[in-house]
Trainee: 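Structure incoming, see below.
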Amino acid sequence: MNPTAAGPVTGPAPDRSRPVPFFTQAASFEEAWPDIRARVTEVIDDGKYSHGRQVGRWEEALAEWTGARHCVAVNSGTDALVLLLRACGLGPGDEVVVPAFSFFATASSVVLAGGRPVFADIDPVTYTLDPGSAADAVTARTTMLMPVHLFCQLADMSALTRVAERHGLTLVEDSAEAIGMRWNGVHAGLLGAGGVLSFFPTKTLGALGDAGAVLTDDPRIAERVAALRHHGRTARTLAHFPGISSATELNGVNSKMDDLQAAVLLGKLPRLEGAVRRRAALAAAYTERLRDVPGLLRLPTLAARAAATEAVFYVYLVEAERRDALVSFLADHGVGTETYYPVPLHLQPCFAELGYRRGQFPHAEAACGRTLALPFHPDLTDADLDTVCGLVRRFFTGRAAA
Ligand SMILES: *Cc1c(COP(=O)(O)O)cnc(C)c1O
């Protein structure tokens, strides 16, 4: 858009600065494109577009990068959760304790796998599952505990591991956002029975569409997930029926990964370490600019924990007074934001039959009303940061600079 050109100007933004989208990766994608293009050509030449050679290579590369004994590629983070829960033996009516503040799939995956989500509150500073609240939610029917590593850091895994051990629960991790996060050197998703990764485009390592993976050190879980993603097929069942290619003993689904997505991810993986460092620098730059803005109730706060943890900024999330008005003001000035998550899981209409009420999880409910995520992506420039932070300051003080 050329602001000096005659004619109608879209939107009410008189601001001269360029718009700042919530997410884009066009420029940084350009850098990885030569590597990606070579692999895309291979996919076309192979003539196998799903569950082919690039997917196998991607599973190996991801296992090496994360240190997982097994990585099983599937077609989304959500499917990874459903298949992981099924592979871990979730039975009809079994309860899984999950936080009330997370992405919808944290709870829907439990229902889709045949279980029942049981909600617990979050820690108000880290937004991750509160170990005390999680312990209070355990009943005689609870078989699993599924913390979520949200936005920029791990849940409190030492305390949550103790809760799981004390109650004999299987610990699984919704680590969809947590690529690169580690606890005592162990990658997220490998701190219990298994975990997942999402490669949805906005995630720290994003594909050009949907893709996901299950991470586990347990060969039986890996084998079951590998069968479930492909209509239940395993080498073992096929061995019983010589000459037949589709006998199954598990009722699986079609959740194979596309080779084009595997090609994109393989091409981007060598730049992931750099992307993680860049995200840390961007987060620090945001905090530096926003630290003294009145009206901002909280900036991202990394918990001080005994075990050595590696944080990764997936999202830069702040808490603000008059959140919805701030979101509109920023949108009017060309700045995209995202509200993660406007409705707590226990109040989602589709879970009404679980019988939860407003007021039960005050920290989760407060976070839903006050948090917003600022633009955060690999193409963000210093000028973009100045634009966003200047506007936030102007919204609360009427002035753009301190
Ligand atoms: C993104 C995300 C998912 C789902 O991943 P998809 O690949 O979008 O299906 C699940 N849980 C959390 C916490 C997420 O952020």
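Values below: every heavy atom of this structure, side chains too, minus hydrogens, waters and symmetry copies. As the structure lists them, so they are numbered: ligands from 1, and atoms in each ligand from 1.
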Trainee: Measure from the side-chain N and O atoms of R323 to the backbone N and O of C368, and report whether any donor-acceptor pair falls under 3.5 Å.
Mentor: yes
Trainee: Show which atoms of ligand 1 fall inside a sub-4.0 Å distance from at least one heavy-atom site of G77.
Mentor: 5 (O), 6 (P), 7 (O), 9 (O)
Trainee: Which residue holds the protein heavy atom closest to atom 2 (C) of ligand 1, what is that atom called, and what is the gap in Å?
Mentor: K203 NZ, 2.6 Å
Trainee: With heavy atoms of S198 as the reference, note each atom of ligand 1 found under 4.0 Å away.
Mentor: 1 (C), 5 (O), 6 (P), 7 (O), 8 (O)
Trainee: Pair Q360, D121 - check side chain to side chain contact (heavy atoms under 4.5 Å, CB included), show working.
Mentor: CA-CA 8 Å; Q360 275 182 284; D121 210 352; over 6 Å; no
Trainee: Among protein heavy atoms, which sits nearest to atom 11 (N) of ligand 1, and what does the distance come to when rounded to 0.1 Å?
Mentor: D174 OD2, 2.9 Å
Trainee: When you measure from the heavy atoms of H149 to every atom of ligand 1, does any distance fall below 4.0 Å?
Mentor: no
Trainee: Return a yes/no value for D210: is any of its N or O atoms, backbone included, closer than 3.5 angstrom to an N or O of ligand 1?
Mentor: no
Trainee: Looking only at distances, can you tell me whether any N or O atom of S102, backbone or side chain, sits closer than 3.5 Å to an N or O atom of ligand 1?
Mentor: no
Trainee: If you measure from CZ on F313 to OG1 on T287, what distance do you get to the nearest 0.5 Å?
Mentor: 6.0 Å
Trainee: Considering only non-hydrogen protein atoms, determine which one is nearest to atom 15 (O) of ligand 1 and report residue, atom name and distance to 0.1 Å.
Mentor: E177 OE2, 2.6 Å
Trainee: Go through ligand 1 atom by atom and flag the ones less than 4.0 Å from a non-hydrogen atom of A176.
Mentor: 2 (C), 3 (C), 10 (C), 11 (N), 12 (C), 14 (C)
Trainee: So if I count the atoms of ligand 1 from 1 in the order they appear, which ones are less than 4.0 Å from some heavy atom of V148?
Mentor: 13 (C)
Trainee: Which residue and non-hydrogen atom of the protein lie closest to atom 4 (C) of ligand 1, and at what distance in Å?
Mentor: T78 OG1, 3.5 Å
Trainee: Does R39 count as lying over the ring of W33, i.e. NZ or CZ under 6.0 Å from the six-ring centre, within 45 degrees of the axis?
Mentor: no
Trainee: Between F101 and Y341, is the gap from one ring center to the other below 6.0 Å?
Mentor: yes
Trainee: Mind checking whether Y314 has an N or O less than 3.5 Å away from an N or O of ligand 1?
Mentor: no
Trainee: Can you tell me if N251 has over 12 outside heavy atoms packed within less than 6.0 Å of its CG?
Mentor: no
Trainee: Are the aromatic rings of Y286 and Y316 close, with centres under 6.0 Å apart?
Mentor: yes
Trainee: For the backbone of A178 and the side chain of S175, can you confirm whether one donor and one acceptor N or O come within less than 3.5 Å of each other?
Mentor: no
